[in-house]
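Take a look at the structure set out below.
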Amino acid sequence: AVERTLSIIKPDAVARNQIGAICARLEKAGLRIVAAKMLHLDQQQAEGFYAVHRDRPFFRDLVKFMTSGPVLVQVLEGESAIARNREIMGATDPKKASPGTIRADFATNVEENAVHGSDAPETAKKEIAYFFRDDELCARTR
Ligand code: CMP
């Protein structure tokens with residue numbers, strides 16, 4: 001089925017000028033960008049977005065990292081978009097990511113791992129709504 005998923009190009013990749021290279025991978029994989037905005041998250045926005053990880057030992061560092069510079073937040077649409085995006089991102093830890101995946105090629109380590117992608121339909125819905133109003137998603141017209 002056609003799905004939507006939330007993608008974030010994280011501060012490490014934005015700082016390295018890798019937005020274009022990463023978006024090219026997303027588009028080549030058949031994912032369509034239907035919404036995009038560049039944001040510099042504040043602490044509350046980052047904490048709210050990653051609330052499920054609140055009790056993890058890496059939470060404070062993660063929030064610090066995610067607020068360290070601008071990010072590109074996007075909604076991607078396509079057939080099985082959630083799984084497809086996860087497939088091309090590769091494993092969270094770039095050491096474990098398959099060759100040719102975005103994280104294998106652009107991530108620095110398990111924290112500074114270049115991209116985020118929603119992991120399931122319910123989280124995709126929640127994460128998209130966290131950053132976008134319904135009328136900010138652009139339908140395809142041609
Ligand atoms: P993401 O897919 O955005 O979801 C949670 C983020 O926490 C993850 O990518 C990494 O940026 C970070 N993360 C996950 N596991 C660890 C870890 N073991 N140590 C540090 N950061 C982590």
Side-chain angles (χ1 to χ4, degrees), residues 1-140:
V2 173
E3 295 173 342
R4 287 173 177 164
T5 190
L6 187 86
S7 164
I8 303 179
I9 302 181
K10 297 187 180 184
D12 57 328
V14 173
R16 290 168 190 256
N17 245 9
Q18 291 166 333
I19 290 176
I22 292 172
C23 288
R25 301 260 183 126
L26 304 174
E27 292 189 325
K28 274 180 202 144
L31 297 168
R32 184 169 290 278
I33 298 165
V34 298
K37 59 176 81 161
M38 197 164 192
L39 298 170
H40 191 146
L41 301 180
D42 64 24
Q43 190 176 325
Q44 272 161 318
Q45 285 175 305
E47 285 177 352
F49 183 76
Y50 281 120
V52 290
H53 296 305
R54 183 169 56 217
D55 297 326
R56 303 275 200 108
F58 58 80
F59 182 69
R60 279 174 68 92
D61 279 348
L62 174 61
V63 169
K64 204 169 151 193
F65 163 57
M66 289 300 291
T67 57
S68 67
V71 297
L72 190 74
V73 187
Q74 302 189 101
V75 179
L76 309 177
E77 187 177 87
E79 189 61 36
S80 305
I82 298 163
R84 186 86 187 101
N85 185 40
R86 290 181 74 75
E87 191 176 296
I88 63 169
M89 286 195 300
T92 304
D93 183 349
K95 284 184 290 198
K96 295 175 190 157
S98 301
T101 59
I102 294 170
R103 283 167 171 160
D105 293 340
F106 298 101
T108 304
N109 55 49
V110 71
E111 177 182 78
E112 302 208 355
N113 63 354
V115 284
H116 168 83
S118 308
D119 64 2
E122 317 78 66
T123 40
K125 207 174 163 186
K126 249 172 88 173
E127 291 180 358
I128 291 168
Y130 193 79
F131 288 113
F132 294 95
R133 300 187 313 265
D134 282 349
D135 70 357
E136 291 180 303
L137 307 191
C138 296
R140 190 177 177 186

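For the numbers below, each heavy atom of this structure counts, side chains included, while hydrogens, waters and symmetry mates do not. Each ligand, and each atom within it, is numbered from 1 in the order the structure gives. What you see is a predicted model; the values in this text were computed from it and never measured.
In this structure, Lys125 does not pair ionically with Glu122, as no charged nitrogen and carboxylate oxygen lie closer than 4.0 Å. A salt bridge is defined here as a Lys NZ or Arg NE, NH1 or NH2 lying under 4.0 Å from an Asp or Glu carboxylate O, and Asp135 with Arg133 meets this definition.
Near Arg103, with a cut-off below 4.0 Å to any heavy atom, the atoms of ligand 1 are 2 (O). Counting the atoms of ligand 1 from 1 in the order shown, those under 4.0 Å from a heavy atom of His116 are 1 (P), 2 (O), 3 (O). Taking a cut-off of under 4.0 Å to the non-hydrogen atoms of His53, the atoms of ligand 1 that pass are 4 (O), 5 (C).
Using a 4.0 Å cut-off between heavy atoms, Leu62 contacts ligand 1 through its side chain alone, with no backbone atom that close. By the criterion of a heavy-atom distance under 4.0 Å, the side chain of Lys10, and not its backbone, is placed next to ligand 1.
The shortest distance between side-chain heavy atoms of Val73 and Phe49 does not fall below 4.5 Å. Using a 4.5 Å heavy-atom threshold, the side chains of Phe59 and Val63 count as touching. Using a 4.5 Å heavy-atom cutoff, the side chains of Val115 and Ile8 are not in contact.
Contact annotation: Arg86 has no heavy atom less than 4.0 Å from any atom of ligand 1.
Among all non-hydrogen protein atoms, the one lying nearest atom 14 (C) of ligand 1 is Phe58 CZ, 3.7 Å. The nearest protein atom to atom 3 (O) of ligand 1, hydrogens excluded, is given as Tyr50 OH, 2.5 Å; this is a heavy-atom distance. Of all protein heavy atoms, the one lying nearest to atom 10 (C) of ligand 1 is Val110 O, 3.2 Å.
Annotation: Glu136, atom CD; neighbour count of heavy atoms from other residues, nucleotides and ligands within 6.0 Å is above 12.
In this structure, Lys37 is positioned above the aromatic face of Phe132, its NZ or CZ under 6.0 Å from the six-membered ring centre and within 45° of the axis.
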